[in-house]
Participant: 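This is the structure I have questions about; it appears just below.
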Amino acid sequence: MKKYDFTKIEKKWQAAWQKKKLYEPKLKAAQNPFYNLMMFPYPSAEGLHVGNMYAFTGADIYGRFKRMNGYDVFEPIGLDGFGIHSENYALKTGTHPLKQSKISEKRFYKQLEALGNGFAWNERVETYDPEYYKWTQWIFIQMWKRGLVYRKKQPVNWCPSCKTVLADEQVISEKCERCSSVVFKKDLEQWFFRITDYADRLLHNLEHLDWSERVKIAQKNWIGKSEGAEINFAISDFPHIIKVFTTRPETLYGATYVVLAPENELLKTLKSKILNFGEVKKYIESVSERSDEERAMSGREKTGVKLEGVVAINPASGDGIPIFISDYVLSGYGTGAVMGVPAHDDRDFEFAKKFKLPVKIVIQGGDVKLEEPFREAYEAHGTMVNSENFDGMKSEDAKWEIVKSIGGERKMQFRIRDWLVSRQRYWSAPIPMIFCESCAFDGVGEQKDMPGWFAVPEKDLPVKLPNVKEFRPLGGEESPLASVKSFYVTKCPRCGKKARRETDVSDTFLDSAWYFLRYPSTKEKKVAWNEEITKKWLPVNMYIGGAEHSVLHLLYSRFLTMALSDIGLISFEEPFTKFRAHGLLIKDGAKMSKSKGNVINPDEYVKRFGADALRMYLMFLAPFEQGGDFRDAGILGITRFLERTWKLGMRVGAKEKVKRDENRERALHKTVKKVTEDIESLQYNTAISALMVFLNEAEKNGISRKEFETFLKLIAPFAPHITEELWSELKNKGSIHVAKWPSFDPEKLIEDTFELAVQVNGKFRARITAPLGISEAEAKTIAMQEKAVAGALAGKEPQKVIFVEDRLINFVL
RNA sequence: GCCUGAGUGGCGGAAUUGGUAUACGCGCACGACUCAAAAUCGUGUAGGUAAUCCCUGUGUGGGUUCGAGUCCCACCUCAGGCACCA
């Protein structure tokens, strides 16, 4: 008997598939396009991570399943090789990123090949390829033309270790997403994308997307829509107003002070009226110097300064109330000013306590007794008090009435801020902009409010990243390119005078925000994507990736797609029709990390057990969308399964005589049903267990050739090599991976008996094989005859009988 | 603090969505094969028990129901996300 030599088989078929272009759909002519996408890896660390393999295998199984169901599946792969991840790796190894990227590329593609995925190898995308980033720059310019790009000086996140600014989305609990250093605020002029213009649409569209719920929730929270009102507080004896945003306008009568953010522009206007401006200025300076870490360390204790000499007027009560500045008010959200309602807001209560400000109750309710001394703010709804005409109303009802009465404006606020896209690093696409001092002097520019700034003419793209020796981040406010004269000295596209090229590069997430548009069009030299092909293949039918990109890549891609759609460059506004987040793979109960030394190298396992076994084990160990624990011992179960399948195949090949068996036939139909449904819903672990159950059955009495082939097809998406080998051993023509997926006959699933469960008082007593469809009376008769049942009944007549057809009977005494 | 999930054998995990808890796999025990071991095959494997009897059992406490791993209330623990967003 031929032995199962996985090393040989896997190599052989990987080569054969590539040669036959089995996984290359006809991009222009395909009849049933299905775009099966997985998040491309960044080739930074020491080769492909088993976590990548976990994700890719899960995605590949789905793609193979669709292919066997008659779709022209397009499953591309590429490398997200630009950006800080890869650059840091290059810094670590001391190899120039240009060189390192080529080394990593070779290594990754070799590893990826060994996994046996149905990749369309001819359409690869590498974000650092000038043929690709040319179009990243081109997209930047389209956004610029549309007015969706601007440059502004404002406090931004600065990572002292990565020596660059970061987008809000890249700051996790005040730490850098990459290196976990504490992030500082720094006042810098940077490039932004107007993602906030799309906040409402990004939120609204979520409702109709077939995405993992947890990702939708994460995006929803990140966008953070709040409904509230803007209310004007006049300033006594001064023709200016303080505009505040609140979601609780019903508490307006309880506003006993107003607070401005330290960065609020109004402070400049008020300067001359503020008697203690020196003190105020000192506070502002101290705040800007304080790092977020220091703020966090101080336990968020409230600080602030009262503005002496100015008084605000509560528009509802008419009371004069003090004005403060405090860093508990954020400048980037709402109007940068809030009304302080100590009785009904925790934070305001804290502040009032510290500064001994009056607490005025305007809502009574719940069990909380609002009597002095106050212990805490009452934040729930209730009945209005101390609010003149509104007294006695329900606070929910008074909400908009109060806004109306003082001429406030109903408003939406979003938590999300504009996307900061510039970086002071080397290894990414240079931002394709030029600044001309002369035009700036004349007040001329391509966009309003941005004199002197011009996009690089499209014919001059790409702006190539120069090969410079010193690619290390400088740590100042500029990228290493700022010291490369040959790079930044250029001519103004408008007046032709000497001008300076932008030296910042773009955020890696811009590179990856559109790669799925490029995959089907990699052969296009003159356009970013071919219109006809794009129409055929996009939006992506199925996208599988990590949930960690919920508010990064997945949000940016949606935004960019929406913007490109508005510009008229594509005809859809959501990039991914269906998205599923896979779970996290851990090892022996702990997160994999280099420091713990428990990182799994897939190569090693492929070598020892074969790609098929590793693939299948990864999918078997836990539900794919949940993630789970990788244990070395577990893989043996799969190895045995594959060996036994192999042996069974050899028996079939040797033309062993087998009788037709209705039970086996039914078992097979059941398995087809279960596996089909489970793959569709990504429940691979239970699909595999169903395959095991069937194998256990089939081994006992043998299996017909036809039945075995059906069984093989069901395994094919999970273990593509061994199934292909057995398929060809059985002298089938063509690949099993384009064979028709088996269907099941619902008629054949029906058995003529079932196991009747018998309960007495809800307690299980006996199990009886009974004919399907028996009546309650019949069931009662046979059940009562059972010894255990009779014993439990103890001769008593049941008061009640619950009968569930073809399932159980329950006697209630 | 808030928002998500999730707590089931020695372990990874199943459970037709209110109807036989522990499928499938790992591990373990015993047996067969072998001079022996590995591999393979067979049998068993929630706990209490000698037991095919019985009792208990899905994080904890209560509830609804003929019947709860599944629904409701309260609590505990773990993982992930957000965090002074007014």
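Chain letters run A, B, ... following the sequence lines, proteins first, then strands; residues in each count from 1.
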Participant: Base, sugar-phosphate, or nothing: which does Val693(A) touch, judged by heavy atoms less than 4.0 Å apart?
Facilitator: sugar-phosphate
Participant: I'd like to know if Gln759(A) reaches the base of G19(B) with its side chain, counting only an N/O donor and acceptor under 3.5 Å.
Facilitator: yes
Participant: Calculate the interatomic distance between Lys220(A) atom NZ and G80(B) atom P; express it in whole Å.
Facilitator: 23 Å
Participant: Give Gln626(A) one of three labels, base, sugar-phosphate or nothing, depending on what nucleic acid heavy atoms sit under 4.0 Å from its own.
Facilitator: sugar-phosphate
Participant: Applying a 4.0 Å non-hydrogen cut-off, can you work out what Arg765(A) is touching in the nucleic acid: base, sugar-phosphate, or nothing?
Facilitator: sugar-phosphate
Participant: Can you find a side-chain donor-acceptor pair between Glu169(A) and Tyr556(A) that sits under 3.5 Å?
Facilitator: yes
Participant: Have a look at Ile635(A) and say if it touches a base, only the backbone sugar-phosphate, or nothing, with a 4.0 Å heavy-atom cut-off.
Facilitator: nothing
Participant: Would you say Arg415(A) places a side-chain N or O within less than 4.0 Å of OP1 or OP2 belonging to A83(B)?
Facilitator: yes
Participant: With no hydrogens and no angle check, do the side chains of Thr247(A) and Glu227(A) hold a donor and an acceptor under 3.5 Å apart?
Facilitator: no
Participant: Does atom CD of Glu747(A) have more than 12 heavy-atom neighbours, drawn from other residues, nucleotides or ligands, at distances under 6.0 Å?
Facilitator: no
Participant: In Watson-Crick or G-U wobble terms, both distances under 3.5 Å, what is the partner of U58(B)?
Facilitator: none
Participant: Mind checking who C78(B) pairs with, Watson-Crick or G-U wobble, both distances under 3.5 Å?
Facilitator: G5(B)
Participant: Calculate the interatomic distance between Lys3(A) atom NZ and U40(B) atom C1'; express it in whole Å.
Facilitator: 14 Å
Participant: Indicate, with a heavy-atom threshold strictly under 4.0 Å, whether Ala218(A) touches base, sugar-phosphate, or nothing.
Facilitator: nothing
Participant: Taking CD in Glu396(A) as the centre, count heavy atoms belonging to other residues, nucleotides or ligands within less than 6.0 Å. Is the count above 12?
Facilitator: yes
Participant: Go ahead and name the base partner of G19(B); Watson-Crick or wobble counts if both distances stay under 3.5 Å, otherwise write none.
Facilitator: C66(B)
Participant: Using OP1 and OP2 only, check whether a side-chain N or O of Tyr333(A) sits under 4.0 Å from A86(B).
Facilitator: yes
Participant: Can you work out whether Ile802(A) or Glu699(A) has the more 5'-proximal nearest nucleotide on RNA chain B?
Facilitator: Glu699(A)
Participant: Does the base of U40(B) carry an N or O that pairs as donor and acceptor with the side chain of Arg644(A) under 3.5 Å?
Facilitator: no
Participant: Reckon Asp346(A) touches a base, only the sugar-phosphate, or nothing at all at heavy-atom distances under 4.0 Å?
Facilitator: nothing
Participant: Go through the side-chain N and O atoms of Asn696(A) and Arg644(A) and say whether any donor and acceptor fall under 3.5 Å apart.
Facilitator: yes
Participant: Please state whether the phosphate of G67(B), meaning OP1 or OP2, lies under 4.0 angstrom from any side-chain nitrogen or oxygen of Asn761(A).
Facilitator: no
